[in-house]
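Have a look at the structure below before the remarks.
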Amino acid sequence: MRSIRRVVAAGLVGGAMTLTAACGGGGGGGGSAAKADLGAGVAGAKPTAAAPTSTVPKVSKAAVSIEPKAGSVDVAPNALKIGATGGKLTTVKVNDKTGKEVPGTISADGSSWTPTAGLEVGTAYQVSAMAADADGAVATADSNFSTLTPTALAKAADNVDNNATYGVGMIVSVNFSKDVKNKDEVAKGITFETDNGTVVKGHWFDSRRLDFRPEQYWKPGTKVVVHYRLKSVEIAPGVYGGDRDEPFTIGRSQISTVDVAAHKMTVVQDGTPSEIDISAGSPEHPTWNGTMVVMSKEGVVRMQSSSMPGMTGAPYDLQVPHSMRLTDSGTYVHGNYWSKSSTFGEDNVSHGCVGLKDVEGGGAGTSMGKFYDGSLIGDVMIVKNSTKKETLDPANGLSGWNVPWSNW
């Protein structure tokens, strides 16, 4: 206490003029100067270290990388890559020019971020990312870029109508207007939403055709929505697709089995069987064996022998009623009015089709008329015991049910 009083007294005596000069400076700066002069006026006094007013921020060991670089243009929709080294990503925000955020996920180890889907083409984006090292020190990075505008579009046409009802064997067949190079990405861009969890997979038959089906026949009543998300998928170099949704429903179950040797067709609708006399392909032109699907209901169709390569026997040119197509190559189940009534159930006389008794122009009360009216596109037709040796090509019509699920 004694030494403190001496210091203060000495300061008062020796610092009177200094205090006056310090006050002349005015404001907070004068107070600081006065304290400095007071200390200086004490003989032998040691300077007192000033208390730190702020801490120097730590330099983060983490580093954030963003590709493409800021200002990039004509960027591919799948080119965005965000990563971190020396730490883990904590926050990533990607927004388009309207402020809409692009959904994505940070990997379990925090080293990368992946968008849930490809970016939109012809769109500007802003990216902001943050990472932290083990000590919590933060590093940030930003970027902005715009995606390319496609030079060409590829049309993806399928055999589904919005809100239509199909049979349990329905296969969705997608045909592209250009050869597809990036098949995996295109297949991922077409997804099936079902109300009962039915899993659907795609199968490529060639560079332009992709068919979809479940492992087993659809369950009756299944509601399905096909989601096309190809707008930002590069189908071929510089070529992109489009986006749309297509809902449809699976109706009742109808599975028909044609026994060529017995000249009979057994129709099982929702578990109830019925039998119909038929006439299938002759020994010279046997019907395909295998599982087929009703592709279309075409009504009266003109059928000519001249249009069928390798056709033998008497030429014909007929207006065939109640025609339902089963293959691209020309197999139908249809009405037959030109053969004798005794033919049905007894003999095979067609050029490969399955014929049911009918009248010219088609009659509603005939065997084929009733079968036609009760059938749906997507109904299953199974042919067995034909003498045809060749195997039905699964790409011939909607015949993909002949491919094992393990190979689909």
Side-chain angles (χ1 to χ4, degrees), residues 159-161 164-167 169-171 173 251 254-260 263-267 269 274 276-282 284-311 313-341 343-345 347-383 386 388 392-393 395-399 401:
N159 57 336
V160 174
D161 290 329
T165 300
Y166 297 104
M170 185 60 177
I171 291 177
S173 186
Q254 179 170 293
I255 300 172
S256 303
T257 301
V258 173
D259 188 333
V260 174
H263 317 293
K264 304 287 185 182
M265 179 171 71
T266 301
V267 182
Q269 187 175 110
S274 61
I276 305 173
D277 291 336
I278 60 96
S279 177
S282 68
E284 295 78 20
H285 305 287
T287 306
W288 292 106
N289 284 304
T291 301
M292 291 165 265
V293 171
V294 175
M295 300 172 59
S296 58
K297 297 177 69 176
E298 301 177 11
V300 177
V301 173
R302 184 182 184 185
M303 297 187 184
Q304 299 172 283
S305 57
S306 60
S307 65
M308 301 298 292
M311 190 64 66
Y316 62 87
D317 186 346
L318 297 168
Q319 297 291 334
V320 181
H322 290 135
S323 297
M324 297 196 294
R325 181 180 286 271
L326 300 178
T327 68
D328 294 319
S329 61
T331 305
Y332 283 81
V333 53
H334 59 64
N336 179 334
Y337 61 86
W338 53 89
S339 295
K340 297 182 297 183
S341 294
T343 301
F344 304 98
D347 199 6
N348 292 321
V349 299
S350 84
H351 289 79
C353 295
V354 177
L356 279 67
K357 189 175 181 179
D358 209 340
V359 297
E360 189 170 0
T366 63
S367 294
M368 187 60 211
K370 293 176 182 178
F371 183 64
Y372 186 93
D373 290 342
S375 295
L376 294 172
I377 293 173
D379 281 349
V380 178
M381 292 282 296
I382 302 170
V383 178
S386 172
K388 195 172 186 69
L392 174 63
D393 183 351
N396 190 357
L398 303 179
S399 303
W401 294 106

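Values reported hereafter were calculated over all heavy atoms of this structure, with side chains retained and with hydrogens, waters and symmetry mates removed.
Remark: the T366 side chain and the D358 side chain contain an N/O donor-acceptor pair separated by less than 3.5 Å. Side chains of N396 and S329: a donor on one and an acceptor on the other come within 3.5 Å.
Minimum heavy-atom separation, R325 to D328: NH1-O, 3.3 Å. Of all the heavy atoms in H334 and Y332, the pair that sits closest is CD2-CB, 3.8 Å. Across all their heavy atoms, G169 and W401 have their closest contact at O-NE1, 2.8 Å. Heavy atoms only, all atoms of each residue included: V320 and G335 are closest at CG1-O, 3.5 Å. Nearest heavy atoms, Q269 versus G374: NE2-O, 3.9 Å.
In this structure, CE on M295 lies 13.0 Å from CE on M324, to the nearest 0.5 angstrom. The NE2 atom of H285 sits 13.0 Å away from the CG atom of N348 when rounded to the nearest 0.5 Å. Expressed to the nearest 0.5 Å, how far OG of S375 lies from CE of M368 amounts to 6.5 Å. Within the model, atoms CG of L326 and SG of C353 stand 8.0 Å from one another, a figure rounded to the nearest 0.5 Å. The CD1 atom of I276 sits 6.0 Å away from atom OG of S367, with the distance rounded to the nearest 0.5 Å.
The shortest side-chain heavy-atom distance between M292 and T327 falls under the 4.5 Å cut-off. Using a 4.5 Å heavy-atom threshold, the side chains of P321 and Y337 count as touching. Using a 4.5 Å heavy-atom threshold, the side chains of M303 and S323 count as touching. S399 has its side chain out of reach of T291: every pair of non-hydrogen atoms, C-beta onward, lies at least 4.5 Å apart. Looking at heavy atoms from C-beta onward, L376 lies out of side-chain contact with V294 at the 4.5 angstrom threshold.
Side-chain atoms of S350 come within 3.5 Å of backbone N or O of G352 as a donor-acceptor pair. Side chain of N336 to backbone of L356: no donor-acceptor contact under 3.5 angstrom is found. Side chain of S279 to backbone of V349: a donor-acceptor contact under 3.5 angstrom is found.
A side-chain contact (heavy atoms from CB on, under 4.5 Å) with M381 is found for one member of V258, V267, V293 and no other, namely V258. Partner of Y166 under the side-chain contact (heavy atoms from CB on, under 4.5 Å) criterion, chosen from D379, I171, I377, N159: I377. The side-chain contact (heavy atoms from CB on, under 4.5 Å) with V383 is formed by just one residue from the set T287, T331, V333, T257; it is T287.
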Step by step, work out the side chain to side chain contact (heavy atoms under 4.5 Å, CB included) result for H263 and F344.
CA-CA 7 Å; H263 317 293; F344 304 98; over 6 Å; no

Let me see the working for D277 and K357 under salt bridge (charged side-chain N to carboxylate O under 4.0 Å, His left out), right down to the final yes or no.
CA-CA 8 Å; D277 291 336; K357 189 175 181 179; over 6 Å; no

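Residue K388 qualifies as enclosed at atom NZ: its count of foreign heavy atoms under 6.0 Å is above 12.
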